[in-house]
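What you see is a predicted model; the values in this text were computed from it and never measured. Residue numbers start from 1 in every chain, and the chains themselves are labelled A, B, ... in the order their sequence lines are given, proteins ahead of strands.
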Amino acid sequence: MEEYAASREIEELVHREFPALASEFTDPVGRRRFLQLMSASLALAGAGACTRQPRETIVPYVRQPEEIIPGRPLFFATALVENGVAMPVLVESHMGRPTKIEGNPEHQASLGATDARSQAAILTLYDPDRAQTISNRGEVRPWGSFLAAMQLAMTGQRAAQGAGLRILTGTVTSPTLAAQFDSLLKELPRARWHRWEPSGRLAPRQDFIYHFDRADVVLSLDDDFLSCGPGHIRYARDFASRRRGAAASKQPFRFYAVESCPSITGSKADHRLPLKPSEIAAFARALNGGARLSEQQAAFTDAVLRDLRAHRGRSIVTAGDTQPPEVHEEVRRLNAALGNIGTTVVAAQPVEARPVDHAASIAELAADMAAGRVSLLLIVGGNPAFDAPADVNFAEALKKVGLAVHASLFEDETSAFCHWNIPLSHSLESWSDARAYDGTESIIQPLIAPLYNSRTAHEVVAALTARPERSSYDIVREHWLKTRGLDEQAWRRALHDGFVAASSGGATHQAPGTYQAPGTYQAPGTRTEAPGTVEILFRPDPAIGDGQLANNGWLQELPKPLTKLTWDAAVYVGPQTADRLGLAAGDLVEVRAATRSIRMPLVIVPGHAPDSATVHFGYGRRRAGRVGSRVGFDAYPLRTSAAPWHTRGEIVRTGETYPLATTQNHFLMENRNPVRVATHEAYQREPEIFRHMGHTPPKTLTLYPDYQYTGNKWGMTIDLDACTGCNACVVACQAENNVPVVGKDQVIVSREMHWLRVDTYYRGHLDNPETYHQPVPCMQCETAPCETVCPVAATAHSAEGLNDMVYNRCVGTRYCSNNCPYKVRRFNFLLYADFTTPSLQLMRNPDVTVRSRGVMEKCTYCVQRINAARIESKKDGREIRDGEIQTACAQTCPAQAIVFGNMNDLGSRVATLKAEPRNYGLLEDLNTRPRTTYLGALRNPNSELEKRDLSRDRHEG
Amino acid sequence: MSQIFHRSTNTLSRLSIFGGLIIFGLTLWIVAGVNRSGYVTQAGIAREQPIQFSHAHHAGGMGIDCRYCHTSVEDSAFANVPPTKTCMNCHSQIWSDSPMLEPVRSSFRSGEALSWTRVHDLPDFVYFNHSIHVRQGVGCATCHGPVDQMPLVYQYSSLQMEWCLECHRKPGRFIRPRDQVFNMEWEPPADDPGLGARLVKEYGIADVEHLTSCSVCHR
Amino acid sequence: MAKADGRRWGWGPNTNEKMTDYPHERVVDATEYAPAPVIGPGHTFGSLTDKISAIVLTRRPPLWWFVGAAVSFALTLMLLVSLTHLVLTGVGIWGNNIPVAWAFDIINLVWWIGIGHAGTLISAILLLLRQSWRTSINRFAEAMTLFAVSCAVIFPLFHTGRPWLAAYWLFPYPNTMGLWPQFRSPLIWDVFAITTYGLVSLAFWFVGLIPDLATLRDRSTNRWMQMVYGMLAMGWRGSAIHWQRYETAYLLLAGLATPLVLSVHTVVSFDFAVGIVPGWHATIFPPYFVAGAIYAGFAMVLALAIPLRALYGLEDFITNRHLENMAKITLVTGLIVVYGYAMEAFFGWYSANQYERFMILNRATGPYAWSYWALIFCNAIAPQILWIKHLRTNLLVLFIVALIVSVGMWLERFVIIVTSLHRDFLPSSWGMYYPTVWDFSTFFGTIGLFLMLMFLFIRVLPMISIFEMRTLLPEAQVKEVEDLRVL
Amino acid sequence: MRPRTRIYGLLAEFGDANALLEAAARTHAEGYRRIDAFTPFPVEGLADVIGFRERKLPMLVLGGGIVGALTGYGLQYWSSVIAYPLNIGGRPYNSWPSFVPVTFEMTILFAAFTAVLGMLALNGLPTPYHPVFNVERFALASRDRFFLLVEARDKQFDPERTADFLRSLEPREVVEVAH
């Protein structure tokens, strides 16, 4: 059904103006006028709360699709594409406008969860800076003339068997697209298809799928499997559920992490060993007895090996994509030796179609271009002029190409060098397909007609074939019908479910050959003691990735895990290295590698491996758009195809400093135990240990009678043992609640607007501390300090115990924020919300008021969802079921750390969790009686490695 | 020193004091009045529409049920304004060439949507849901008034917060049996004063604390 | 006798005892009962009436008046510009943020309100305490109160995000929303306290003015001035009966204003004491704020009186004794405030509450330590030199100390508000506050407004209460009613 | 019975307070009742001497205070318990301790304004026009002169005899006050 619904809506959309479509619910025009009136009432202040409504119009359908009930959202299953891999999602659509992205609960790769980037994809869809017109050398052209041009060019190519034809894409998992390329290359054997995915897996290798839920001991060699890589959503889920099991049972779970740059995966480790990149390879060899290490490292290795061997078949050893093939080989051998393969570690085919070595591939392409051997270059997606390795000098080579075509979402750095620029459709506007981490194939269906004159990759590639006019729907549908015999029923089923049944590990593409011959990878030479010399790691930015998402304000302002840095990339170094180099946070330093150098501000990250520094690439875009251009510093100039992940260089201070916008500036707990931690052993011995870490005042501590909550009593628990600090909840909240972006300058004066923030705390020695993440939404205190001080009752308790915030009543004294011990209230110091950009009005959640200037706002437990559920239940004459209401944060959490529900329903998940001994309230000694409570974090240290007095748990913050 | 002021100033000055007070009171009274008047609430003002659609004729005269056009009133927050198609269901046969209906036909031909002037328009920070009100026995006429007698629809109630609160504080005074919701003529039975209270219990309508919680209408 | 006493109570020097001792003395020498004269020698009813009313009626304002008025008017314009920008752009033009959501705005509010207190205190409390020396300073002290309050109210209104709504939503009035103010909020208490304070002070001031307005009416030659002063005087003619009711009313006002003035700063202190922020949540706040207010108020009175008397040659009326007494009160209230600081520190330690302890530590050693130590110097150390008489009576020294104290009291509020807020409970949300140019322009703008109102006031109204000065003259002493009865 | 007199009364001017006091006492002892005295500042006991005994004001102020208190608490109770009860931070609707400050301020406000307005009302102010202002020298009443007025309405009043009596009090002069 859905796809017809979708497509028919789309007709409607094409016929009608967007704002009018929106007008039934969120009429931006109306609201804007209304706000003007509010401020105009300055003049007629005293004339009462005069909200005289401006004229509005209602524009009904001409023919109404029967699926659409105006005012009720529809959900469509589809997939987004991250680094070429499918991220299965359900998309909420209001009257044909996609407004919110959720994970697809049916899909094994998601199970209902998503990550920050897919949450933010909705903003990219409506980004007003997207490429909007097909252009040739800067002049707007119709699609037809592009087709003509291509046909002309192709006649020449066919004559030469495509000798001059080159195609460049990122990682491709789309079976249809791959098939299109295959047929094209079969027709033109001398043409070449190159790949460059700056932040993806560069070297092809045997792929493995891990089952963390079945493991007792896990060792990770610089593998950030909780936040990067195709499977991270599912891995986070399995990892968390295994830990949850450990917390409940006597069956402990232990996780060792060896890494250079602190990652959120490392932050969950019971033991973490910071090593320089060069040492990690050695460490890997040592695991199989192949190398000799320092005592400290050797002790660690021995203990880990003993632990792993004690759990044969129930352990996992992983290595990150940034590790060289030899490390992966060592890891494979170890897993085999431990008998993990087939049990916890399952071999699988790479999901990438026709895997190649990307670094080599783009280098080869650039060489051909520079040599003038390329007469027709088709770049589908990607932005090589910006993110290609520095040594291949792509931009220069691009000038020597006869005819360069670039299809991309944005007019970017590469577009500037290309003759033809074709706006690429967003996943939510396209018919396409893609494979998830486990090979499961999803059909991608459009939620909305292309907002601009854009085309999908399939259509662009088709332009090179004999049948250029085919729509992407035809192409995709035909591929699935022909090659996979997907009949109409199966096709609809696939669209409805969001994936093609029984397609995981589909054997349609060849197995990868042996590993790349060394040569693309060079082990760093021996370390020299010259001051300032360090090993330099290259990593994609934790928020905006390789830079393609630079124009996404939600991601720009998303506080990066651990450092809480926004709007900038920085050089990460450990404290000891900073001391050695005499550098302080905020210094603007020069990073030199070989002959190249860049400038970047410095950030000190506890736990970073000594004598090494991490540089994040993706920032410093020159043509990204109004949000992303000229923000931060570009690190690509240091990155070469020979050493794409780490190299050797030096850090030199420039004497200048640079303002950094961080949302958290103090990372120590100051003995206030906001995060309560105990070891697994201590917890088993004395379950009450978490309660003893704080003081809960008796209920009799007031001269007032207690307020009784009958009926629903909403509450939330957040499991700090499960939370990985991945930030998905933060963006989900932002998308669900129309939370504005404020910009770097405002973040610097700490006016960020996130309703839900993730605090990070360190404990122990800062060279290698324990790290804890704590999501902090509104606590919905029963004795809310904020409410009593509001002079106009703009914040008051609902009968279900919600701490309501009434924006239209708020006059903005900000007293409530002063009196909020959790500082979760956010104030519109300026007009942050965008009331003017039309496309952004379409994106808004129509069920949540867009807040104007001078108004306080905060987390409401997604009260719009609560109300919707209450109304539905009342109409059905029943109670609200447990789990029927999910707050945006809880719904998207890959670790299922956040649980929301009715505390009065003793069977509900939230009620059972609150009954757990790990449950405690943040700052509950203030007698605020928070409805949001936390489940304490657990550590399971290996006694060999850590002889620590367990009573420390009680005293140390 | 000779007199500065004339005899009359004594009286004048006292008068002016009381006069001032009276004028002050009057202004307050007028302001309060204006805030509740049709000028601000826009109640009672019939709106010009692209087509002179008469509810009096369709709903009143011909007795078409509200839900024939306002299809989603029982399922959604929004009662729905009918698509052109709905008009054409009949008007492709009757009055199929009346000049008055030309806009409808042209819309149907061209697919160009009709755009109606909104009559009932709440502020954007207020979230009203038709379906639950209808479900709980709030009649159309209770808020929209005698639509079946309106040649051109006008806003019947003030739609101001205090007006909403009247019912949210004492639902019993306003609700009716569910089967009477779409009956424009229904009057509360004079012989059964307890009806409202019974229905409130029967329909499980929430107590006043719930109905007057801020987040029920504001989000 | 009690009744008569009740009525006599408070008017100028009380002379019962002496009069009954020497029933046949018609006039008693002022020096006999006063420690030092509160009015220069050689003055008669006529002379002082003319001297004071001349400032308003005949004397052309001196050059410095025009200069001062011009400067303060310029500052007032700056205030208007700042406020306009504020309303059009938003509170974001200031440095306020989360966690420091209140800063200059509320600091200035409390500072101004505090300054306002001296006026009512002098007029009411000193009246009840029969301090005859108050007479020559109460008039402009009251004016100062009014102007300080009008500067103060600017902040609570304009610091809100939507002043165009706060302007009336904060008051209870029947509205179409069926909503009312939230009376548990100290901000609403403020609204009532400050409004009451302003209105009562205005009434008090105006009542005190009526006889003098009559004097001006009768002295003025220009027809228009006669009309204006005449209207304001409301036909006052000094009838004995009127005087009798007038005294009663004035005395009652004083009796009401005394608890009021104490309550106002108590309520202002509730803004903090009712909050849970460490550094705010303290029971000592009300008395300590009131003392601080009087402290600041007297400092400001001194800072105004010293130049005024010199510029207008009023040494006869505002004598050294006045200044010295005020210096003494400043010293005493200063010591109370210092006690307050000590207690805060003590409680911080004694409460054994880690948040309180950290707060004190953070004040003394944290990023804003400079403000704390500057405050200690201004309010605790500098005023101690007033112990020494010849420094206390040295006008320049006194003037400078007064200014230092005014600065110190501003810093006190800075410490209480900013330093407490910037690091409260969760380390993760600790932050810093930096004022912007608009914070300063608004603050100095209000100072400009205050001075401009002051300049206008001394130009159009008698800055010293003429009729009360008359009562200080020896001739004003009359014999007992009882003596007359025997006739 | 007696025709309304042509003049308002007779005004005697004195140089200092005691002279006036004595004169006023004598006049009152003489049996004159409709008399009034005018001074540039309140003179001890002058009102007594001319036989003025009214003490209404304090009672009025007390009343005003009580009304204020009731209004203050009533307003708060009604609006937060009856008009729109809201659960504010789990506090009861009638959080009486929080209602004290406003009640107190309202008490003061009402009482204070009763005092001021009551005083003006009882004194019959404003009266910008008053016959005594017809006397040129009366302007000095707000400077350094003391006046004694015997109104023509007094039963004993007789233009000649009263004038003679007043002169016997050694005033600076006695003048007729025109209507």
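Heavy atoms closer than 4.5 Å to chain C are found in the side chain of D:Trp78, but not in its backbone. When heavy atoms are compared at a cutoff of 4.5 Å, D:Phe147 does not approach chain C at all. Contacts of D:Pro58 with chain C are made by both backbone and side-chain atoms, with heavy-atom separations under 4.5 Å. For D:Ile50, the part lying under 4.5 angstrom from a heavy atom of chain C is the side chain only. Both the backbone and the side chain of D:Leu140 come within less than 4.5 Å of a heavy atom in chain C. If you measure heavy-atom distances from D:Pro101 to chain C, the contacts under 4.5 Å come from the side chain alone. When heavy atoms are compared at a cutoff of 4.5 Å, C:Leu48 does not approach chain D at all. Proximity to chain C is absent for every atom of D:Tyr77, based on heavy atoms less than 4.5 angstrom apart.
Ranked by heavy-atom pairs under 4.5 Å with chain C, the first of D:Ala111, D:Pro97, D:Pro40 is D:Pro40. When each of D:Leu57, D:Leu120, D:Val61, D:Ile88 is checked for heavy-atom pairs under 4.5 Å with chain C, D:Ile88 comes out on top. Ranked by heavy-atom pairs under 4.5 Å with chain C, the list D:Tyr84, D:Tyr129, D:Phe38 is led by D:Phe38. Counting heavy-atom pairs under 4.5 Å between each of D:Ile108, D:Leu86, D:Leu117 and chain C puts D:Ile108 at the top. With chain D as the partner, the residue from C:Ala476, C:Pro211, C:Ser53 showing the most heavy-atom pairs under 4.5 Å is C:Ala476. For chain C, the option among D:Ser98, D:Ser95, D:Ala24 with the highest count of heavy-atom pairs below 4.5 Å is D:Ser98. Most heavy-atom pairs under 4.5 Å with chain D: of the set C:Pro259, C:Ala257, C:Ser263, C:Ser239, this distinction falls to C:Ser239. The residue among D:Ser142, D:Pro128, D:Gly124 with the most heavy atom pairs within less than 4.5 Å of chain C is D:Ser142. Note on C:Ile241, C:Thr49, C:Leu253: by heavy-atom pairs under 4.5 Å with chain D, the leading option is C:Ile241. Comparing C:Pro172, C:Ala193, C:Ala249 by how many heavy-atom pairs each has under 4.5 Å with chain D, the most go to C:Ala193.
Judged purely by distance below 3.5 Å, without hydrogens or angles, the side chains of D:Gln76 and D:Thr103 pair a donor atom with an acceptor atom. Judged purely by distance below 3.5 Å, without hydrogens or angles, the side chains of C:Tyr229 and C:Asp212 never pair a donor atom with an acceptor atom.
Residues C:Phe183 and D:Leu75 approach most closely at CZ-CD2, 3.8 Å, considering heavy atoms.
Salt bridge annotation for D:Arg167-D:Asp164: present, with a cationic side-chain nitrogen under 4.0 angstrom from a carboxylate oxygen.
Looking at heavy atoms from C-beta onward, D:Phe157 lies in side-chain contact with D:Ile7 at the 4.5 angstrom threshold. Residues D:Asn18 and D:Leu21 have side chains in contact (heavy-atom distance under 4.5 Å, counting atoms from C-beta outward). Inter-residue side-chain proximity for C:Arg139 and C:Trp205 is flagged as met; some heavy-atom pair is nearer than 4.5 Å. Side-chain atoms of D:Phe104 and C:Val267, non-hydrogen and from C-beta on, never get closer than 4.5 Å to each other. Side-chain contact check for C:Arg470 versus C:Ile466: some heavy-atom pair is nearer than 4.5 Å.
Of the candidates C:Phe467, C:Phe206, C:Trp243, C:Trp236 forms a ring pair (Phe, Tyr, Trp, His ring centres under 6.0 Å) with just one, namely C:Trp243.
Checked against a 6.0 Å centroid threshold, the rings of C:His242 and D:Phe52 do not count as neighbours.
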